[in-house]
Structures are given as C-alpha cells and as structure tokens.
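Right, one structure below, let's go through it.
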Amino acid sequence: MKSERTTGFATLAVHAGQEPDPTTGAIMTPVFLTSTYVQAAPSKTKGYDYSRTHNPTRTALEHNLAALEGGRYGLGFASGMAAIHCVLNLLQSGDHVIAGNDLYGGTYRLLRTLYQKFGLETTFVDLTDTEQLEGAFRENTRLVMLETPTNPLLRCCDLRAIAKICKRRGVLSMADNTFATPFLQQPLALGCDIVAHSTTKYLGGHSDVVGGALVVNEPDLLKKLAHFQNSCGGTPGPMDCFLVLRGTKTLHIRMQRHCENALAVAKWLEKHPRVERVIYPGLPSHPNHALAKKQMRAGGGMVSVELKASVAQAKKVCSSFQVFSLAESLGGVESLVDHPASMTHASIPAEERRRTGLQDGLIRLSVGIEDVGDLIADLDRALQKAR
Ligand SMILES: *Cc1c(COP(=O)(O)O)cnc(C)c1O
C-alpha cells in the first residue's frame, strides 16, 4: 500500500506503511509482541486474530516493502528461503520450472533436494541469453525464476525481455531482487509477476536480522501466496519486522554510498597488477554493462575479483584484511569479503563451478559504507598476499 503522502522513493522508504500509533502517538511502529488478540465476540476482531496469520508490526513492514517495490501487496517471511519456498508452493507435481544457472545456492538446493522428490522438474539455463530461455520452455512450464545481478558472477539478465516472454506464454516470472534492491531496479514495473527478497541483506542492511519478503500486484496471486504463508508458517517475528523496517528507512542513502564505494573500488582494482578481472556491472568492461545501465540506477554494492593467484594465495588474501571482514552474507553497512569456492559456493561441485565461470581464485566483496580510502588501503595491503 502506498503512502497517501507521496510516491518519491526516499519519502516512501521513511514513511510508507507507518502511521503514528493511534493509542499513544508513538512515532515508531510498536513491536507487537503478542501471539493472540482479544475478540469482542466470537470472530469479531479488529483485523487480527493470531500472529502467524497477521501481526501489526509485520503489516507495517509488508506495506513498506510493497511501496518500495512499486507493488500493491507485500508478504513477510522468516527468511529469504521461506519466501522462495512459498512461491514454489504455487506449483504441483509434474510442473516444470526454468531457473537461472547461477542461482543463489539455497534456491538451487531447495529445487534439487526438496521439490525434485515431489515431482517438480527444473531446467537451469543461462538467462542472460533469452534464446536459451525460449528453448527451455515445455508444455508444463509454470514458472521462471531469475536473479539479476547473479551471485557471485554478477551477470545481468533483461527483466523486461524475460517478463515479456513469460507473459506471452502465460508462465509466471519471479525475480529475486536481493542484490539490486528496489532502489536500483523494480522488476514489477518491468513486467515480472513476483519479486522475492532476502531482507537479511540490503533491506535490513545492518547484518542483525534474517528475513524474507515477496511483493506482487495481482490480488489472485496474493491470495494464494498468503494462504501458503499462513499454512506453512514461515513468518517473521515482530522484532525481526521492526529491524527490517528500521533498515528500509535508510535504504536509499545506504545504497547510494554502497554504489559509489563499489564503483571506486572496482576502478581501482581494475588497474591492480595482481588482478586478472574485475566483475562489476557499473564498469564498461562488464559484458552486460549496457543492460545494467538501462535497467539499474547504479552498479550495486557487490564487486567480484578474479585474482592472479592460486587457491592458497586467494585464501591468504581473504584472511589478511583489517577493515573487510571474512564472512558469508552481504548487504550490511560493513564491508565483507568471501571466497566463494571454499565458502558460499563450496557445495557446488568443482567442475560445475568452473563450467559456469566461477574460478577458484575469485573473491567476492560486499562493499560497505565506510570511507572508501580506508577500503582501498585495506585491499592494497591484502593483495600483497597474492604474490
Ligand atoms: C541470501 C539470499 C537468499 C536467501 O535468503 P536467506 O534470508 O538467507 O534465507 C536468497 N537469494 C539471494 C540472492 C540471497 O542473497
């Protein structure tokens, strides 16, 4: 639900979904730590009966996230995986899914180790190539799942083109917008049916909460997804909702700084003698740069770097930072470094990793909002270990 006041992104980020508490005037949405709600007579409620189904703190967050994505309806979840799981519940045995071939590892695992055994078939394709997508459709294809930019190779696929292909065939499209955030791109406006998020990352923004969300425009889709949200129960607690709501208030200014810092870091790395290749959608050297410029407001906060280094050296580099912290996850205010081949993407077999272009010497940076001079000095120090 959009705030009545305005539709500007920054104003929505601060205000959408949140009115001062009517009983006290508290300007911040209270954390409604309650499981149940007193009814005036059987089934006579004030809109809330049980907190798995609805909770006012969650309602505020759901409205806020819907407004930021330029959508009508938001749904909150306990994690990004719970949100994506909810989308898969729309399908049934015998249905076919087309998914990107460098999808988030958890999504890949969900499709492979859970839904496959229930008779859901998935084809993984390179979605940066719409011809590959066209060729993968079957009579029973019901859903296309995409991410852009992808992780960790930061490939970008054409949201508008993919949404159009799906619409023409009557197939649902779901865009995981975790890496870009609605500040940089809004998949619903480009024609996608469902936007998914891990709010754990940029939306929460402070590495202090795990959460997920879906945003849709179609009332029918909302009804089905809300039914599964309530049936499966992967809903967030009110404190988690409060933390994500606090995060989204500064999303626009954090993203501006993440993008500025990431671009500066990427440009600096591109000139470094120990660097083989810098992957950043905001650099003209990125293979999808033209598309990224068209569909994203800026290049994002993630930078991947192929080092001229052995695996051992790459690991040593990762352990030598003072400002960057070595950790999985991304999107917080603090800078993080990850070695995908041994950390986030270790569960993908080595040949499979290399086939998709993920080299063992690649490191992934989640560039934070610290002073960019300190980040570059830290990189300079750590890269000494690559010789
Ligand atoms: C982290 C992440 C997820 C999973 O979210 P959780 O909150 O960890 O469950 C899904 N998609 C992408 C792109 C992610 O980065």
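Start at 1 and go down the list; that is how both ligands and their atoms are numbered. Note that the structure is a prediction, hence the values are computed from the model and not measured. Residue numbers count from 1 along this sequence.
Assignment of Gly211 to the shell around ligand 1 is supported, since a heavy atom sits closer than 4.0 Å.
Glu334 and Ser325 share no side-chain donor-acceptor pair at under 3.5 Å. Under 3.5 Å, the side chains of Tyr104 and Ser198 contain no donor-acceptor pair of N or O atoms.
In terms of modelled atom types and a separation under 3.5 Å, the side chain of Ser79 and the main chain of Ala82 share a donor-acceptor contact.
For ligand 1, the polar-atom distance check against Asn151 finds no nitrogen or oxygen pair separated by under 3.5 Å. Between Glu147 and ligand 1, no N or O atom pair is found at a separation short of 3.5 Å. Annotation: Met81 places an N or O atom under 3.5 Å from an N or O atom of ligand 1; distance criterion only. Residue Gly80 has at least one N or O atom closer than 3.5 Å to an N or O atom of ligand 1.
Of all protein heavy atoms, the one closest to atom 2 (C) of ligand 1 is Lys201 NZ, 2.5 Å. Of the protein's heavy atoms, Tyr104 CE2, 3.4 Å lies nearest to atom 4 (C) of ligand 1.
In summary, the atoms of ligand 1 found under 4.0 Å from a heavy atom of Asp176, numbered by their order in the structure, are 10 (C), 11 (N), 12 (C), 13 (C). Which parts of ligand 1 touch Ser198 is read off a 4.0 Å heavy-atom cut-off, strictly below it: atoms 1 (C), 2 (C), 3 (C), 4 (C), 5 (O), 6 (P), 7 (O). Close contacts of ligand 1 with Phe179, meaning ligand atoms under 4.0 Å from a residue heavy atom, involve 15 (O).
In the hydrophobic clustering of this structure, Phe118 groups with Leu172; members are Ile, Leu, Val, Met, Phe, Trp, Tyr whose side-chain heavy atoms approach within less than 4.5 Å, directly or through other members.
The shortest side-chain heavy-atom distance between Met255 and Arg297 does not fall under the 4.5 Å cut-off. At a threshold of 4.5 Å between non-hydrogen side-chain atoms, the residues Tyr50 and Asn230 do not count as touching.
Environment of CZ in Arg246: sparse, with no more than 12 heavy atoms of neighbouring residues, nucleotides or ligands closer than 6.0 Å.
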